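To keep things clear, I will list the structure first and then write my remarks on it.
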Amino acid sequence: MEETLTKSGSAFTFENFTAAIDGFEPQYATDITRELYFGFPIEPILHAESALLSPEAKSTAYFSMEYGIAPSIYHTFKLSGPMDEKNQFFQHEVFSNYWLCDYLFKIQIDKMLDIPIYGGGLGVLAGDAIKSSADLGYSVAAIGLLWNKGYFKQNFWYKYGQVPEELPWNPRRYPGLIPLKNIVIIKTNEGPLYLRIWKYYVYSYDKKSVCPILLLDSNLEQNPEHFRKLTDQLYRSDHPWWKIFQRVILGVGGVKALESLGYAINCFHLNEGHAAFALLEKFVSLPDKGKMEELKKKFVYTCHTPVAAGHDRFRIEEFAKVLGPEYVEAAHLLGKESPHSDQINLTYMALNNCPKVNAVALKHGEIMRMQFPLFAGKVASITNGVHTHTWLSENFKQLFDKYAGTFGDWRRNPERLSRITELRGDQSFRRDLFAAHQANKRNLMEVVKHWGLQENVFTMAWARRIAGYKRPALIFRSPQKLVELAQSVGPIQLILAGKAHPNDNIGAAHIDEILGHIDQINEHRKILKVLILENYDTYFGKLLTNSVDVWLNNPLPPFEASGTSGMKAILNGVLQLTTLDGWVVEAEKDNLGWIFGYRHTGPEIGDESQLRLDEDSNALYGTLQEAMNLYYATNFNGAVRTQSEWIDKMINCVQRSSFFNTQRMMREYYEKMWRDQVYASMKTRDTEAPAQPAPDKAIASASLTEEKAPARPIEEKQAVILPPAKSTSVVPLPGKDIMVIPPEPAKDKLPGHPAS
């Protein structure tokens, strides 16, 4: 492997690595050796650290509040000693219209808990982005927070809906996660905040390269109790104090962490506005403030949502309670919504100061330019993807290997999956394709075997974060119509899963509504089985997107910026039943399944509270009948008609998935967002060729279509002010040992802040 030099002129060594680990000898020496890092080769780690330390390398820092790394289903590290039971997978309960089974059985799977530092699709996308960065050999350091109590553990209580509970785990005994001796200090108005840096290494699919994730942790003895809890729960939002501090840790603390480690970063990528305070830290620490415009060239920003609640804003007086006057001055300068505003807006801060900005789908780019006309001229679109090696089922991997003459080395280049169309007329392949799907489906049937689901029954899933605009209960708008479809066309099996934010009363109400509908159709369970799974995570995400016949996706257009669960499904030949929103707009003509319902057009975004439930549910039931008719004409009790259009649609799904992958996405980020920022900060000639992945990782670049957005002079427009987010609260419920979020304030809390 090519040697990369550190600033001191020597390669980063094993001794350098182990000397930085807190408690290496007593706790980690058996898991980290000169050859292996928790069972994986250690050489790529030393190479990656050398590159990040080298001024000659071109390195990017990627900031995200959450990371869904999915080690329970991909690249699981080995632990020499016993697994801490807190890090083991807890059992999942099921709420269904088969009450007795719910009472008698639980889903139990012997695997470790996903490292609980993510809440939903944003985090899973960030994890996939880092995996593909490693696959491509890019020098990237990711920055996030170590959430000591995760997001939350979900409990379903009939008549109460979702009840959140704390999810404590043990970071010091989690495979692959190591604490460093480095301590970052942020000076706040309540005293110093101490943060430990942890590292988790994300390996490439072939284990030849890695990207580290740096995780900041406030749970240190040096901190007062209220500071120690700052990194307890992801997205705690019951008071501005929590939100401001958590974003300060990510942005300000993240920059300090990179400096503490000596990383030579050329580009700072803000994944959502949560990380915008990184701009403040760079401004405050800049000796010559006149050079800030040059410094801004190192920053890029990705926006992930058009929904108002997804854009952080804080009153300046609240922010001033947390950080000192130099940061407040910087916030006034960089982040006010308008000259006379008393608020700072992190989306505006990122849009105003990052020279490159992107939306996460073509349609989202269109919407974002409507939402932020001031910045329309610099909004590009880079469509999201998924990490092929994480989300592709084992049965489909074996299928593609069997037909290697067509697909070639699809692992190195997932875009080779587009060649599946060459096999459309091959009857053996069509038979093998459906057989691979059925094998996936049998895996699902085995997991939920106690509920009596059957392999040759039409099976559909809806699983994602539960929020109002995603319309999770749309399928239940008229339960009787579902029953009638099951009676007239054939039986239906429906599986749902998802979490609502603990403070999202609307999301919790949707869960309560779903539980009520499931309860009402109990008498029809012989022809209509409905299950909703607790604690949806990446394990169940992969299981469902691999295994069901149809993936249901019904957000209200145009409020789904991208969506990625459907991308995971098409990778495994699962057909789509979807509204036209997010990534689906780019696949409208590809015949991946069925599109129904309202279509957004025109220059206005619309109102996310106008859910169009009646008209779109009617369209859903009509389209569902078409899908069921084709399914039962294709698979009649196990007798498969290989000439069916259903299998053509499966082939179309896999073919289109060759585009919707994070390997393509990260190449676009490098070409469109990172490369100029990297080279602008390097002492190189303008004509220098861009860095390329190592030869064994070289992948032919896909042609990228540049969007042409109308340029609008910034000084001629006024800032766009987002509508205020609605406040919510959660009512404590009686019962077992449950921590309802937010918790009751502690009696000994300090004056002036809401910490419990």
Side-chain angles (χ1 to χ4, degrees), residues 66 68 118-125 151 154 156 161-162 235 272 304-311 360-361 363-364 367 384 460-477 494-515 517-518 530 532-533 536-537 540-541 544-545 548 550-569 576-585 593 595-600 605-617 619-620 623-624 725-726 728:
E66 51 175 304
Y118 72 101
L122 176 66
V124 174
L125 176 71
Y151 188 34
Q154 184 185 52
F156 289 150
Q162 171 186 280
Y235 294 139
E272 265 303 358
H304 286 268
T305 179
V307 177
H311 300 272
V360 291
K363 181 66 176 179
H364 181 220
I367 298 303
N384 283 342
M460 181 169 57
W462 185 101
R464 54 187 43 79
R465 182 173 64 88
I466 292 181
Y469 75 92
K470 294 179 184 283
R471 304 187 294 187
L474 185 67
I475 189 72
F476 297 111
R477 188 66 175 174
L494 174 61
I495 302 175
L496 303 98
K499 290 182 175 181
H501 187 282
N503 283 7
D504 181 2
N505 284 353
I506 296 176
H510 283 301
I511 294 177
D512 194 28
E513 179 185 359
I514 290 170
L515 299 183
H517 285 307
I518 293 174
V530 184
I532 183 168
L533 310 179
Y536 183 53
D537 63 0
F540 282 106
L544 293 177
T545 56
V548 298
V550 166
W551 194 255
L552 178 60
N553 177 53
N554 47 240
L556 173 70
F559 295 100
E560 185 71 274
S562 171
T564 55
S565 63
M567 299 176 187
K568 301 176 180 75
Q576 303 294 293
L577 180 55
T578 178
T579 52
L580 189 64
D581 202 11
W583 71 273
V584 180
V585 175
I595 297 174
F596 70 93
Y598 168 72
R599 296 180 175 225
H600 172 265
I605 298 174
D607 186 345
E608 65 186 88
S609 66
Q610 295 178 355
L611 293 176
R612 304 175 184 269
L613 297 177
D614 289 331
E615 59 190 274
D616 276 8
S617 63
L620 169 57
T623 312
L624 176 58
K726 297 178 181 179
T728 57

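Side chains are part of it too, since the values below use all heavy atoms of this structure and drop only hydrogens, waters and symmetry mates. This is a predicted model, so every value here is computed, not measured.
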Taking the side chain as every heavy atom from C-beta outward, state whether [X] and [Y] have any pair of such atoms under 4.5 Å apart.
X	Y	value
Ile514	Pro472	yes
Asn384	Trp583	no
His364	Ser562	no
His311	Thr305	yes
Trp551	Leu544	yes
Gln576	Val584	no
Met460	Leu624	yes

- Message: Let's go through Phe476 and Leu494 carefully: what are the C-alpha distance in whole Å and the side-chain angles of both, what is the deciding distance for side-chain contact (heavy atoms from CB on, under 4.5 Å) to 0.1 Å, and is it a yes or a no?
- Response: CA-CA 11 Å; Phe476 297 111; Leu494 174 61; 3.8 Å; yes

Nearest-0.5 Å distance that lies between atom [atom1] in [X] and atom [atom2] in [Y]:
X	Y	atom1	atom2	value
Glu66	Leu125	CD	CG	9.5 Å
Ile518	Glu513	CD1	CD	11.0 Å
Leu122	His304	CG	NE2	5.0 Å

Taking [X] for its side chain and [Y] for its backbone only, find out whether a donor-acceptor pair lies under 3.5 Å.
X	Y	value
Thr579	Pro555	yes
Asp512	Leu515	no
Glu608	Val307	no
Gln162	Pro502	no

Heavy atoms only: give me the nearest [X]-[Y] pair and the separation to one decimal.
X	Y	result
Gly507	Ala500	C-CB, 3.6 Å
Glu560	Asp581	N-OD2, 2.8 Å
Arg612	Glu615	O-CG, 3.5 Å
Ala561	Ala361	O-CB, 3.3 Å

- Task: List for me each residue that meets side-chain contact (heavy atoms from CB on, under 4.5 Å) alongside Arg465, sequence neighbours excluded, and say none if there are none.
- Result: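 Scan of Arg465 (side-chain contact (heavy atoms from CB on, under 4.5 Å), adjacent residues dropped) gives Ala467, Tyr469, Lys470.
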
- Query: Residues in side-chain contact (heavy atoms from CB on, under 4.5 Å) with Leu611, at least two apart?
  - Reply: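 So Leu611 forms a side-chain contact (heavy atoms from CB on, under 4.5 Å) with Arg471, Leu556, Leu613.
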
- Show your reasoning for whether side-chain contact (heavy atoms from CB on, under 4.5 Å) applies to Phe596 and Asn554. CA-CA 9 Å; Phe596 70 93; Asn554 47 240; 3.8 Å; yes

- Qualifying residue, where the test is side chain to side chain contact (heavy atoms under 4.5 Å, CB included) with Leu552 and the options are Ile475, Leu474, Leu496, Ile495: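 Looking at Ile475, Leu474, Leu496, Ile495, the match for Leu552 under the side chain to side chain contact (heavy atoms under 4.5 Å, CB included) is Ile475.
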
- Item | Identified side chain to side chain contact (heavy atoms under 4.5 Å, CB included) partner of Asn553 from the options Ile595, Leu577, Thr578 |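 Going through the options one by one, the only one that passes is Thr578.
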
- Query: Tyr235 vs Tyr151 aromatic rings, parallel, tilted or perpendicular, using cut-offs 30° and 60°?
  - Reply: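 The arrangement is perpendicular - the two ring planes meet at more than 60°.
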
- Short N-O contact, Asp614 and Arg477, less than 4.0 angstrom: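 Yes.
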
- Query: When you look at Thr564 and Val124, which way does the side-chain contact (heavy atoms from CB on, under 4.5 Å) test go after all the steps?
  - Reply: CA-CA 9 Å; Thr564 55; Val124 174; 5.6 Å; no

